[in-house]
Amino acid sequence: MATAAEEKPSRGRTAQEVLVTVLLVVAALGTSWSSYQATRWNGEQAKAASRTNAIRIDAARAQGLSQAQSQVDVATFIAWADADRRGEAAVAAFYADRFRAEFRPAFNAWMATHPLTNPGAPPTPFAMPQYQLASRQEAARLDAAAESSAAEVRRDIQIASDYVLTVVLYAVVLFFAGMSTKIANPRLRWILAGAGCLVLVGAIAWIATFPVSFHV
């Protein structure tokens, strides 16, 4: 018949083995979950990067249209100014009638400042606050949207990296749990198992703060 002294180590060994089993199971499940989430967030990053590139292309197009429209406005204004300087009223009116709709308010506001006699008048209509191009504003809006989308790309990359780091932490847990089964000294076994518990709890507490991606 076994004595109490013989049963106590046996119960301790059993409890330690149960703890190690729990560590191994939870760490294995955590590794699978974090690996899946890292893959998911890499996919989210790729989609966000595609959106960013598409927005930047649209922004470049809007910027190109803005520059083209500005060149048209400058060209027609110069032609008008030359005709007006030469006293060719009919030619000047011809060009004035062909001012673009976005340029006309700035031109009228500039003329109201009497630029020929007022030294303090703006040098050209393009310096007037009324000169606003919808394409330029659209380009600015798209640039801001692209920057926001790029920030989302960086965020997704960071999340995926964090999930990968938790995989490393789970590997540490598996190492401690596995090593504890190879040690004969009961105290060292418990120390290794306890260290594995601490790392596992820390990893789970940290991963609980991560966003989760499920949708396809």
Check: With a 4.5 Å limit on heavy-atom distance, are the side chains of Ser66 and Gln71 in contact?
Finding: no
Margin query: Pair Ile207, Trp33 - check side-chain contact (heavy atoms from CB on, under 4.5 Å), show working.
Written below: CA-CA 10 Å; Ile207 204 173; Trp33 170 254; 3.9 Å; yes
Next item on the list: May I ask you to decide whether Glu152 forms a salt bridge with Arg155, counting only side-chain N to carboxylate O separations under 4.0 Å?
Entry: no
Checklist line | Point-to-point distance, once rounded to the nearest 0.5 Å, from CZ of Arg136 to CD of Gln69 | finding: 9.0 Å
Next item on the list: Could you tell me which non-hydrogen atom of Ala48 sits nearest to which non-hydrogen atom of Asp156, and how far apart they are?
Entry: CB-OD2, 3.9 Å
Next item on the list: Output yes when a side-chain donor or acceptor of Ser34 lies under 3.5 Å from a complementary backbone atom of Thr31, and no otherwise.
Entry: no
Next item on the list: Might you point out which heavy atoms bring Gly196 and Val173 nearest each other, and give the distance in Å?
Entry: O-CG2, 3.6 Å
Item checked: Connected via hydrophobic side-chain network under 4.5 Å: Val172 and Ile183 -> yes
Next item on the list: Ignoring hydrogens and angles, state whether a donor on the side chain of Trp41 or Gln37 is under 3.5 Å from an acceptor on the partner side chain.
Entry: yes
Notebook entry, point to check: Listed by chain and number, what are the side chain to side chain donor-acceptor pair (under 3.5 Å) partners of Thr52, not counting sequence neighbours?
Noted result: Ser149
Check: Between Glu102 and Ala134, which heavy-atom pair has the shortest distance, and what is it?
Finding: OE2-N, 2.7 Å
Notebook entry, point to check: Just wondering, are more than 12 heavy atoms of other shown residues or ligands nearer than 6.0 Å to CZ in Arg187?
Noted result: no
Margin query: Treating Arg56 as the side-chain partner and Asp143 as the backbone partner, does any N or O pair qualify as donor plus acceptor under 3.5 Å?
Written below: no
Checklist line | Asn42 side chain vs Ala38 backbone, donor-acceptor pair below 3.5 Å | finding: yes
Check: Between Leu169 and Trp206, is a side-chain contact (heavy atoms from CB on, under 4.5 Å) present by the stated rule, with each step listed?
Finding: CA-CA 11 Å; Leu169 294 178; Trp206 186 37; 4.1 Å; yes
Item checked: Atom pair CD1/CD of Ile157 and Gln45 - distance to nearest 0.5 Å -> 4.0 Å
Check: Does one side chain, of Gln132 or Gln137, offer a donor that lies under 3.5 Å from an acceptor on the other?
Finding: yes
Notebook entry, point to check: Does any pair with a residue in residues 59-79 pass salt bridge (Lys or Arg N to Asp or Glu O under 4.0 Å), and if so which ones, sequence neighbours excluded?
Noted result: Asp58-Arg61, Asp73-Arg100
Note to self: Is the shortest side-chain heavy-atom distance between Tyr170 and Ser35 below 4.5 Å?
What the structure shows: no
Next item on the list: Using the rule that two of Ile, Leu, Val, Met, Phe, Trp, Tyr join whenever any of their side-chain heavy atoms come within less than 4.5 Å, decide whether Val164 and Val199 are in one cluster.
Entry: no
Notebook entry, point to check: Is there a path of hydrophobic side-chain contacts, each under 4.5 Å between heavy atoms of I, L, V, M, F, W or Y residues, that connects Met179 with Leu198?
Noted result: no
Margin query: Is any side-chain heavy atom of Lys47 closer than 4.5 Å to one of Ser50?
Written below: no
Item checked: Nearest-0.5 Å distance, CG of residue Leu200 to CG of residue Leu24 -> 10.5 Å
Note to self: Tell me every residue that passes side chain to side chain contact (heavy atoms under 4.5 Å, CB included) with Arg154, counting only those two or more places apart in sequence or in another chain.
What the structure shows: Glu147, Ala150, Ala151
Notebook entry, point to check: If you look at every heavy atom in Trp80 and Met111, which pair is closest and at what distance?
Noted result: CH2-SD, 3.9 Å
Check: In Å and rounded to the nearest 0.5 Å, what is the OH to CZ distance from Tyr36 to Phe214?
Finding: 6.5 Å
Note to self: Using the rule that Ile, Leu, Val, Met, Phe, Trp and Tyr join whenever any side-chain heavy atoms are under 4.5 Å apart, tell me whether Ile78 and Val91 fall into a single cluster.
What the structure shows: yes
Item checked: OG-CG distance between Ser180 and Leu19, expressed to the nearest 0.5 angstrom -> 7.5 Å
Next item on the list: Check whether any side-chain heavy atom of Phe176 sits under 4.5 Å from a side-chain heavy atom of Leu174, and report yes or no.
Entry: no
Item checked: Between CG on residue Leu192 and CG on residue Asn185, distance to nearest 0.5 Å -> 10.0 Å
Next item on the list: Group every Ile, Leu, Val, Met, Phe, Trp and Tyr by side-chain heavy-atom contacts under 4.5 Å, then state whether Leu165 and Ile159 land in the same group.
Entry: yes
Check: Is the CZ atom of Phe126 crowded by more than 12 outside heavy atoms at less than 6.0 Å?
Finding: yes
Next item on the list: Provide the closest heavy-atom pair for Ala139 versus Ala59 in the form atom of the first, atom of the second, distance.
Entry: CB-O, 3.9 Å
Checklist line | Chi angles and distances behind the side-chain contact (heavy atoms from CB on, under 4.5 Å) call for Phe210, Thr166 | finding: CA-CA 11 Å; Phe210 294 177; Thr166 62; 3.7 Å; yes
Next item on the list: List the steps and the verdict of side-chain contact (heavy atoms from CB on, under 4.5 Å) for Tyr95 and Phe77.
Entry: CA-CA 8 Å; Tyr95 285 113; Phe77 173 71; over 6 Å; no
Margin query: Please verify the inter-ring angle class for Phe107 with Trp110; under 30° counts as parallel, over 60° as perpendicular, anything in between as tilted.
Written below: tilted
Next item on the list: Please name the pair of heavy atoms, one in Ala121 and one in Pro115, separated by the smallest distance, quoted to 0.1 Å.
Entry: CB-CA, 3.7 Å
